[in-house]
Colleague: 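Would you mind keeping the following structure in view while I ask a few things?
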Amino acid sequence: MLQNTGKLAGCTVFITGASRGIGKAIALKAARDGANVVIAAKTADPHPKLPGTIYTAAAEIEAAGGKALPCIVDVRDENQINQAVEQAVKTFGGIDILVNNASAINLTGTLETPMKKVDLMLGINLRGTYLTSKLCIPHLLKSKNPHILNLSPPLNLNPIWFKNHTAYTMAKYGMSMCVLGMAEEFKGSIAVNALWPRTAIQTAAMDMLGGSGIGKQCRKVEIMADAAYAILKKPTSYTGQFVIDEDILKKEGIKDFDVYAVEPGHPLLPDFFLDEQPEDLAKQMEEHGATPAFKSGKASTDSAATGPISDMFNIIRGILNPDIVKTTQGVYKFDLSGEHAGVWYIDLKNDAGSAGSGEPPVKADVVMTLDSADFIKMFGGKLKPTMAFMSGKLKIKGDMGLAIKLEKMMAMMKSKL
């Protein structure tokens, strides 16, 4: 691993989303140099599923040798960012480094992505990065060696990286466009760079997206922390770079990358937006024990994009309307076995409704478990849910009343077939 040099001693590092994951790892790396770290994140109270709060992160930073200032910050809220910036300047005398790490991800297609998810990703990834940078820059300009580092990918315009999750790609590339523009705008004054991993990194987000078996195909967050450190100790002349973690660490003399692997020697999953294509990533996930579908709602295998179940859902999406949503008010998850096994959902509760492959965008009110052949019969009008349930072909967990309401949609489906 990359050794600390002490070059960040006394520097004040403002990091968004630093209560866990990559953000916290970068904070701890800076703390070992004796840096002051502003933990700008939302999690003040323990999350039921995700580890860490701004206060537990602060304790770790102090234990590592740094000084910590935990601040409750939603990067969509200008007042909260302003208050955190003012607190940082009052406490530490200024800001030397900004790390825009906070990010939201939802890997779903255009029809399956609710606008609240689009707004969330654009609000956090793009607007949050731009806004936090804007508010920190006046203070960064007073620093001796100021840096802005965005955790965002190279701008790869291959359409393959847009077609399956256009909204996420736009939001993430927005962060990268901030690098492109601000690096040129503040050339000679502030170094502005991007950092992206060569391989998947084991974080809570990756565990949720990749499912069981994904961890052993990942590297630890420490590789990103070391790569960030390698960038932040450089002079301001090093700017406008879209850095890959492995590449910069090789230049730093790192030869043994097994130390960063969750399971040394195991094949690693390449990250998005690089040379590997999504279909190749899905195959590698499946070969090495991970689920072949991203759990956020978009299947990652070609089988989910074609076939009778996909055809059914194309029809379902075609009949969705606000009236059905208003009268139903339920989110359904279908756990299918058999020839066309997979997870699908119908959201008849939010916005104008949505349907697609993978986990629903919000918690399901009803989970239906059945064979894919029986699912086709049900939505083809040849098998009623109540009869399927009574015969044992269908298992229902959740609101039975909502399960019965679904028959109205099935009747509409029958007229379309």
Colleague: For Asn125 and Ala104, indicate whether the former's side chain and the latter's backbone hold a donor-acceptor pair under 3.5 Å.
Modeller: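 Yes; at least one donor-acceptor contact below 3.5 Å.
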
Colleague: Verify whether the ring centers belonging to Trp161 and Phe272 lie closer than 6.0 Å.
Modeller: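 Centroid distance Trp161-Phe272: below 6.0 Å, so yes.
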
Colleague: Mark yes or no for whether Thr5, through its side chain, and Lys7, through its backbone, hold a donor-acceptor pair below 3.5 Å.
Modeller: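 It does hold such a pair.
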
Colleague: Quick check against the 3.5 Å criterion: does Thr113 have a side-chain atom that pairs as donor or acceptor with the backbone of Thr108?
Modeller: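 Yes.
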
Colleague: Might you point out which heavy atoms bring Ala228 and Leu149 nearest each other, and give the distance in Å?
Modeller: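 Ala228 and Leu149 have their closest heavy atoms at CB-CD2, 3.7 Å.
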
Colleague: Verify side-chain contact (heavy atoms from CB on, under 4.5 Å) between Trp344 and Ser310, making sure each step is shown before the conclusion.
Modeller: CA-CA 9 Å; Trp344 298 76; Ser310 178; 4.1 Å; yes

Colleague: Quick check, are the ring centers of Tyr345 and Phe313 under 6.0 angstrom apart?
Modeller: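 Ring centroids of Tyr345 and Phe313 are no less than 6.0 Å from each other.
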
Colleague: Could you tell me whether Glu246 and Lys250 make a salt bridge, using a distance below 4.0 angstrom between a side-chain N and a carboxylate O?
Modeller: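 Looking at Glu246 and Lys250, the cut-off is met.
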
Colleague: Going by atom types only, do Asn150 and Ser152 share a side-chain donor-acceptor pair under 3.5 Å?
Modeller: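 Asn150 vs Ser152: no donor-acceptor pair found between side chains.
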
Colleague: Has Met1 got more than 12 heavy atoms of other residues, nucleotides or ligands less than 6.0 Å from its CE?
Modeller: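 Correct, the count exceeds 12.
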
Colleague: Should the heavy atoms of other residues, nucleotides or ligands under 6.0 Å from NZ of Lys67 be counted, would the total exceed 12?
Modeller: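 Result for NZ/Lys67: open.
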
Colleague: State, with a plain yes or no, whether a side-chain heavy atom of Ile309 is found less than 4.5 Å away from one of Ile376.
Modeller: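 They are in contact (side-chain heavy atoms under 4.5 Å apart), so the answer is yes.
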
Colleague: Before you tell me yes or no, could you show the steps for Phe273 and Phe242 under ring pair (Phe, Tyr, Trp, His ring centres under 6.0 Å), namely the whole-Å CA-CA distance, both residues' side-chain angles and the distance that decides it to 0.1 Å?
Modeller: CA-CA 12 Å; Phe273 307 118; Phe242 290 86; over 10 Å; no

Colleague: Could you report the tightest heavy-atom contact between Pro308 and His340, atom names first, then the distance?
Modeller: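 Nearest heavy atoms, Pro308 then His340: CG-NE2, 3.3 Å.
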
Colleague: Within the 4.5 Å heavy-atom criterion, are Tyr168 and Asn106 side-chain neighbours or not?
Modeller: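 No, their side chains stay 4.5 Å or more apart.
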
Colleague: When rounded to the nearest 0.5 angstrom, what distance separates CD1 in Ile244 from CG in Leu249?
Modeller: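 Ile244 atom CD1 to Leu249 atom CG measures 11.5 Å (nearest 0.5 Å).
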
Colleague: Any sub-3.5 Å donor-acceptor pair from Gln241's side-chain atoms to Thr239's backbone N or O?
Modeller: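 Yes, Gln241 side chain to Thr239 backbone: donor-acceptor pair under 3.5 Å.
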
Colleague: What are the two closest heavy atoms between Thr43 and Gly52, and how far apart are they?
Modeller: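 Distance-wise, the nearest heavy atoms are CG2-O, 3.4 Å.
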
Colleague: Do Phe14 and Asp96 come close enough that some side-chain heavy atom pair is under 4.5 Å?
Modeller: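 Side chain of Phe14 against side chain of Asp96, heavy atoms only: no contact under 4.5 Å found.
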
Colleague: State, with a plain yes or no, whether a side-chain heavy atom of Pro146 is found less than 4.5 Å away from one of Thr236.
Modeller: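 Sidechains of Thr236 and Pro146: in contact.
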
Colleague: Sub-3.5 Å donor-acceptor pair from the side chain of Asn145 to the main-chain atoms of Lys234, do we have one?
Modeller: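 Here the side-chain-to-backbone pair exists.
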
Colleague: Distance-only, no hydrogens or angles: does the Thr53 side chain make a donor-acceptor pair with backbone N or O of Tyr55 under 3.5 Å?
Modeller: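 Yes, Thr53 side chain to Tyr55 backbone: donor-acceptor pair under 3.5 Å.
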
Colleague: Working to the nearest 0.5 Å, report the span between CD1 of Ile137 and CD1 of Ile148.
Modeller: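 The distance works out to 4.0 Å.
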
Colleague: Is a donor on one side and an acceptor on the other found under 3.5 Å between the side chain of Asp365 and the backbone of Gly398?
Modeller: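 Absent.
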
Colleague: Using side-chain contact (heavy atoms from CB on, under 4.5 Å) as the criterion, point out the one residue from Thr203, Asn101, Leu151 that pairs with Met224.
Modeller: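 Only one of Thr203, Asn101, Leu151 forms a side-chain contact (heavy atoms from CB on, under 4.5 Å) with Met224, namely Leu151.
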
Colleague: Scan side-chain atoms only and decide if Ser103 and Lys172 contain a donor-acceptor pair under the 3.5 Å cut-off.
Modeller: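 Yes, side-chain donor-acceptor contact under 3.5 Å.
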
Colleague: Is there a donor-acceptor contact under 3.5 Å from the side chain of Gln80 to the main chain of Asp74?
Modeller: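 Yes.
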
Colleague: Where do Asp371 and Ser337 come nearest, in terms of heavy atoms and distance?
Modeller: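 For Asp371 versus Ser337, the nearest heavy atoms are CA-OG, 3.6 Å.
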
Colleague: Using a distance-only test with no angle check, is there a side-chain donor-acceptor pair under 3.5 angstrom linking Tyr229 and Asp33?
Modeller: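 Yes - a donor-acceptor pair under 3.5 Å links their side chains.
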
Colleague: Checking Val325 against Asp323 for the side-chain contact (heavy atoms from CB on, under 4.5 Å) test, could you report, in this order, the C-alpha distance in whole Å, the side-chain angles of both residues, the deciding distance, and whether it holds?
Modeller: CA-CA 5 Å; Val325 174; Asp323 289 337; over 6 Å; no

Colleague: Cut-off 3.5 Å, side chains only: do Asn350 and Asp347 have a donor facing an acceptor?
Modeller: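 There is such a pair (donor and acceptor under 3.5 Å, judged by atom type) between the side chains of Asn350 and Asp347.
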
Colleague: Going by ring-ring contact (aromatic ring centres under 6.0 Å, His included), name the residues that satisfy it together with Tyr332, two or more places apart in sequence or in a different chain.
Modeller: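 Checked Tyr332 against ring-ring contact (aromatic ring centres under 6.0 Å, His included); zero matches.
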
Colleague: Once rounded to the nearest 0.5 Å, what's the spacing between atom CG of Leu140 and atom CG of Leu135?
Modeller: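 The CG atom of Leu135 is 11.0 Å from CG of Leu140, to the nearest 0.5 Å.
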
Colleague: Are the side chains of Ser176 and Pro153 in contact, using a 4.5 Å heavy-atom criterion?
Modeller: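 Of all side-chain heavy-atom pairs linking Ser176 with Pro153, at least one is under 4.5 Å.
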
Colleague: Could you tell me whether Lys333 and Glu359 make a salt bridge, using a distance below 4.0 angstrom between a side-chain N and a carboxylate O?
Modeller: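 Salt bridge present between Lys333 and Glu359.
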
Colleague: Decide yes or no on side-chain contact (heavy atoms from CB on, under 4.5 Å) for Leu120 and Arg76, but give the supporting numbers first.
Modeller: CA-CA 9 Å; Leu120 178 72; Arg76 294 169 294 175; 3.2 Å; yes

Colleague: Tell me which one of Arg317, Lys117, His165 satisfies side chain to side chain donor-acceptor pair (under 3.5 Å) with Glu112.
Modeller: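 In the set Arg317, Lys117, His165, the residue that makes a side chain to side chain donor-acceptor pair (under 3.5 Å) with Glu112 is Arg317.
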
Colleague: Please check if the number of heavy atoms outside Tyr130 that lie under 6.0 Å from its OH is greater than 12.
Modeller: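 It does not: Tyr130 OH has 12 such atoms or fewer within range.
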
Colleague: Residues in ring-ring contact (aromatic ring centres under 6.0 Å, His included) with Phe162, at least two apart?
Modeller: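 ring-ring contact (aromatic ring centres under 6.0 Å, His included) list for Phe162, sorted by chain: Tyr173.
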
Colleague: With rounding to the nearest 0.5 Å, note down the distance linking CD1 in Ile72 to CG in Asp77.
Modeller: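 Taking CD1 in Ile72 and CG in Asp77, the distance rounds to 11.5 Å.
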
Colleague: Using every non-hydrogen atom in the two residues, find where Ile54 and Ser19 come nearest and quote the distance to one decimal.
Modeller: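 Smallest heavy-atom distance, with atoms named: N-CB, 3.9 Å.
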
Colleague: Mind checking whether Ile15 and Ile39 have side chains closer than 4.5 Å, heavy atoms only?
Modeller: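 Answer no - side chains too far apart.
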
Colleague: In the structure I gave you, are the side-chain heavy atoms of Asp271 and Arg198 within less than 4.5 Å of one another anywhere?
Modeller: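 SC-SC contact between Asp271 and Arg198 ruled out.
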
Colleague: For Met175 versus Asn100, what's the shortest heavy-atom pair and its separation?
Modeller: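 Shortest heavy-atom contact: CE-O, 3.5 Å.
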
Colleague: Going from CD on Glu222 to CD1 on Ile201, what distance comes out if it is rounded to the nearest 0.5 angstrom?
Modeller: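 Here the rounded value is 9.5 Å.
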
Colleague: Is there a donor-acceptor pair under 3.5 Å between the side chain of Thr327 and the backbone N or O of Ile324?
Modeller: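 Present.
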
Colleague: How far does SG of Cys11 sit from CZ of Phe92, to the nearest 0.5 angstrom?
Modeller: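 Between atom SG of Cys11 and atom CZ of Phe92 there are 12.0 Å.
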
Colleague: Are there over 12 heavy-atom neighbours, none belonging to Glu62, within less than 6.0 Å of that residue's CD?
Modeller: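 Check passes, neighbour count above 12.
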
Colleague: Pick one: which of Gln217, Lys216, Gln202 meets side-chain contact (heavy atoms from CB on, under 4.5 Å) with Glu263?
Modeller: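 Running side-chain contact (heavy atoms from CB on, under 4.5 Å) over Gln217, Lys216, Gln202 with Glu263 returns exactly one hit, Lys216.
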
Colleague: As a quick check of understanding, evaluate side-chain contact (heavy atoms from CB on, under 4.5 Å) for Asn36 and Leu69, giving each step before the final call.
Modeller: CA-CA 8 Å; Asn36 310 313; Leu69 176 64; over 6 Å; no

Colleague: Just wondering, do Leu28 and Arg32 contact through their side chains at under 4.5 Å, heavy atoms?
Modeller: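 The answer is yes, as the side chains (C-beta and beyond) meet within the 4.5 Å cut-off.
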
Colleague: Salt bridge or not for Asp351 and Lys116, using N-O below 4.0 Å?
Modeller: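 No, no charged N to carboxylate O under 4.0 Å.
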
Colleague: Within the distance-only criterion (no hydrogens, no angle test), does the side chain of Asn193 pair as donor or acceptor with the backbone N or O of Gly240 below 3.5 angstrom?
Modeller: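 Flag set: sc Asn193 to bb Gly240 pair under 3.5 Å.
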
